[in-house]
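The structure appears below as structure tokens.
Bear in mind that the values here come from a model prediction, so they are computed numbers and not experimental data.
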Number of protein chains: 4
Amino acid sequence: MSSTKARAIAATGRPRDDAAQHAILQATAELLEEVGFDKLTIEGIAARAGVAKTTIYRWWQNKGTLALDAFLTAVSPKLAFAETDAPLADLRAQVHRVGKLYRGKTGRVLCEIIALAQADPTTREQLLEGYVLPRRLAAKACLERAVVQGALRPDIDIDTVLDAIYGPIWYRMILQHQPIEAHFIDGLLDLALQGIARPAKR
Amino acid sequence: MSSTKARAIAATGRPRDDAAQHAILQATAELLEEVGFDKLTIEGIAARAGVAKTTIYRWWQNKGTLALDAFLTAVSPKLAFAETDAPLADLRAQVHRVGKLYRGKTGRVLCEIIALAQADPTTREQLLEGYVLPRRLAAKACLERAVVQGALRPDIDIDTVLDAIYGPIWYRMILQHQPIEAHFIDGLLDLALQGIARPAKR
Amino acid sequence: MSSTKARAIAATGRPRDDAAQHAILQATAELLEEVGFDKLTIEGIAARAGVAKTTIYRWWQNKGTLALDAFLTAVSPKLAFAETDAPLADLRAQVHRVGKLYRGKTGRVLCEIIALAQADPTTREQLLEGYVLPRRLAAKACLERAVVQGALRPDIDIDTVLDAIYGPIWYRMILQHQPIEAHFIDGLLDLALQGIARPAKR
Amino acid sequence: MSSTKARAIAATGRPRDDAAQHAILQATAELLEEVGFDKLTIEGIAARAGVAKTTIYRWWQNKGTLALDAFLTAVSPKLAFAETDAPLADLRAQVHRVGKLYRGKTGRVLCEIIALAQADPTTREQLLEGYVLPRRLAAKACLERAVVQGALRPDIDIDTVLDAIYGPIWYRMILQHQPIEAHFIDGLLDLALQGIARPAKR
DNA sequence: GGCTAAGCGAGACGGTACGTCCCGTCTTAGG
DNA sequence: CCTAAGACGGGACGTACCGTCTCGCTTAGCC
């Protein structure tokens with residue numbers, strides 16, 4: 001996807017076989033679900049897709065970019081923000097959607113892509129640029145609307161707030177020490193938005 | 001460490017060579033720092049430690065368990081809680097220490113271990129049991145002391161609060177989209193402890 | 001057996017455990033039949049015999065000597081010569097007995113010991129000294145009696161004759177290109193003896 | 001050689017690198033001479049040939065097949081039969097050549113291959129089909145010519161005669177209880193042929 | 001009865017080579 | 001120029017046994 005768009009269309013020669021590209025992404029997505037990223041192999045993908053290894057290497061530089069490509073193709077559309085005039089409600093809705101997604105198979109696959117990103121900077125960058133940052137910008141916009149509306153203090157550090165909301169979800173997704181329940185997400189948002197300090201009576 | 005304690009002590013036979021075990025953990029820790037987990041190989045460790053590969057495999061089932069063992073041995077002592085009568089200050093100090101550690105090499109290594117844990121349930125469990133949960137218990141105790149002292153509301157969900165504090169740090173460590181500065185950590189703690197909601201009454 | 005006799009009996013200390021020795025030879029013989037010499041391992045023998053590896057190494061220097069020991073213990077008694085006053089008939093009877101033995105399991109085991117002897121000179125020597133040469137001497141004596149009786153020409157080279165008789169049998173045993181039938185053995189003896197029989201007086 | 005011919009030629013893909021195959025056979029033959037079959041290792045061959053282990057395993061299933069292949073490539077040409085109109089002289093010449101060859105390094109290597117063949121039926125078959133039987137057919141033809149010429153009795157069992165000639169040589173090669181001298185070979189042939197020579201008319 | 005000495009089990013240890021897996025590159029033929 | 005096919009050099013894997021070693025316990029004869 002992202003990687004293929006970058007390539008200039010050659011004026012001559014045999015044209016790229018889109019069926020092959022699709023089969024590769026398909027096979028990758030399937031194998032990711034079935035065996036996990038760790039046991040994913042280029043040779044396995046090639047075999048499943050009925051494609052030569054060379055064809056894969058021609059279009060993706062390693063299995064990380066390929067896996068990420070497959071992941072983004074499948075997941076991206078599911079995490080858009082609504083844009084009503086109640087931005088905090090939009091936020092809450094989106095975070096719940098994120099939670100639901102990360103609770104399941106998608107979460108597992110994402111975890112493995114995160115895992116890969118630890119070893120391969122290219123993948124890390126692609127994960128950031130292609131997945132995390134776009135979503136983050138949307139969330140930022142959402143929070144800014146809330147500030148403008150006067151629902152939030154104007155002096156907040158939005159980056160920190162975003163990390164305070166999404167960080168704990170990723171944390172649970174990755175460590176699996178506690179489930180990512182709706183109740184947890186609500187508590188998290190409450191905490192981030194209201195604080196737990198006992199209001200000093202006076 | 002954890003893996004070796006689990007093993008029943010044989011009543012007979014040549015006793016285990018502690019020097020060898022120590023050399024292995026030592027070599028592993030060094031190589032982890034030098035080349036990272038991904039490029040870590042059992043053969044390399046064996047060579048550096050002056051030990052046969054078999055000796056490693058006798059005591060650790062794979063390089064994950066070994067790396068984690070080495071990591072714990074090296075890192076655990078650095079993350080203890082102080083126990084003064086100002087628990088929130090103790091907490092803040094410890095979280096700063098965590099942040100400082102995760103900012104550097106140790107953070108990178110931990111990330112790679114996390115990566116591994118995504119593919120290998122054994123490692124995940126060992127990471128939880130041997131690293132995360134013990135620290136979490138200590139933090140919990142710290143917060144509970146704060147509650148008892150009346151510094152925090154008694155109705156808080158401590159698990160959520162813990163995730164709200166440590167989650168964002170791990171999030172930044174893993175994604176590296178923003179640095180883990182002292183300023184960020186303070187903001188995070190403030191956020192978690194006080195909230196960002198604009199106080200309604202005035 | 002042969003190897004143990006050589007050992008000086010210690011005046012003191014715990015005496016050798018004959019049960020263990022016997023169990024080792026027994027286990028070796030069994031495993032030789034079951035898995036063949038090639039797959040025979042000291043560790044396997046030790047396990048089967050319920051004995052420590054050290055105990056085996058204390059008494060045999062390698063698996064060759066051990067296997068040969070086991071083989072000789074089992075086979076030697078079966079190949080004696082009769083001593084009637086018809087030495088050529090004695091010979092024919094013994095060669096038939098050899099053929100019958102080599103046709104079966106014993107032949108297979110012997111083949112594997114021969115195989116071993118190719119790689120280990122000690123075993124080769126032990127095979128010669130402990131098995132082949134004694135039998136050869138007996139056969140020689142038999143032929144000499146035939147010469148004395150006037151049944152064979154006195155100018156024959158007995159070593160060549162012996163090789164001409166036993167060589168082809170080993171050849172078939174080892175290569176298995178043709179079966180070792182009674183008919184073959186008779187043909188062989190006829191061939192070898194026809195040329196050297198003292199021409200009937202005329 | 002034999003093993004490679006069996007493989008169907010792939011219609012496509014990178015063609016087999018004959019230089020590599022040759023280097024492997026060459027290295028194998030050299031190492032066989034230098035260290036013997038027993039100490040021969042695939043890793044050693046790969047290193048000497050400047051080839052990856054996988055390339056060896058791609059074409060030979062084990063070191064036996066490989067060693068035999070190398071052996072045949074090197075030795076086969078040396079053991080052809082001449083075809084003059086004196087077949088018995090041709091035979092005598094060839095047997096002397098065999099004896100000379102088996103007396104030396106080649107004999108030692110052959111012994112070790114024989115040894116291997118005892119444990120591995122594939123090797124045994126390959127040894128028979130690729131080495132023993134072709135030579136045996138040639139020898140048979142030679143003897144048959146002698147029969148046709150009237151130099152041998154027509155009622156002989158050629159298989160037995162062949163075993164009577166070659167068996168004793170192998171026997172001495174394998175056991176090394178006596179040297180394989182020219183004198184021994186002549187005696188052997190005399191012994192085997194004397195009995196079956198057609199009695200000179202008188 | 002205590003002492004000395006070997007036999008013995010158990011099993012850890014340093015090693016070597018194994019045969020396998022997958023990598024990423026390459027070399028062909030054919031579309 | 002793209003693709004399929006697959007051979008290639010390479011690195012590390014985890015395993016199987018090797019032969020050696022260090023233990024503690026056992027079983028004797030000797031003082």
Rounded interatomic separation in angstrom, taking CG from C:Leu66 and P from F:dG19: 11 Å
Rounded to the Å, how far apart are B:Ile56 CD1 and E:dA12 P? 15 Å
Starting at atom CH2 of B:Trp60, determine the distance to atom C1' of F:dG14, rounded to an integer number of angstrom. 16 Å
Which whole-number value in Å describes the distance from D:Arg16 CZ to E:dA29 P? 17 Å
Got more than 12 heavy atoms from elsewhere within 6.0 Å of CD, B:Glu125? no
Under 3.5 Å: donor-acceptor pair, side chain of B:Asp18, backbone of B:Gln21: no
Whole angstroms only, please: what is the CZ-C1' distance between D:Arg48 and E:dA17? 18 Å
Of all the choices, F:dA4, E:dG9, E:dC13, which nucleotide is nearest to the side chain of A:Thr55 once you look at every atom? F:dA4
d(CG, C:Asp38; C1', F:dC17) in whole Å: 13 Å
What is the separation between atom CG on C:Asp17 and atom P on E:dA10, rounded to the nearest whole Å? 13 Å
Look at the side chain of C:Glu33 and the backbone N and O of C:Ala29, then say whether any donor-acceptor pair between them is shorter than 3.5 Å. no
Applying salt bridge (Lys or Arg N to Asp or Glu O under 4.0 Å), name anything that partners D:Glu34, two or more places apart in sequence or on another chain. D:Arg48
Which of the following nucleotides, F:dC2, E:dC13, F:dG9, is nearest to the side chain of B:Trp59? E:dC13
Look at the side chain of A:Lys39 and the backbone N and O of B:Ala119, then say whether any donor-acceptor pair between them is shorter than 3.5 Å. no
Protein-nucleotide distance (A:Asp18, atom CG; F:dC2, atom C1'), rounded to Å: 12 Å
Here the gap from A:Thr28 atom OG1 to A:Leu68 atom CG, rounded to the nearest 0.5 Å, amounts to 11.5 Å
Salt bridge (Lys or Arg N to Asp or Glu O under 4.0 Å) involving A:Glu43 - partner list, sequence neighbours excluded: A:Lys53
Please compare B:Gly50 and C:Ala52 by the position of their nearest nucleotide in DNA chain E and report the one closer to 5'. C:Ala52
Each nucleotide in nucleotides 22-28 of chain E should get exactly one letter: B, S or -. Can you fill that in based on protein heavy atoms under 4.0 Å? BBBBBBB
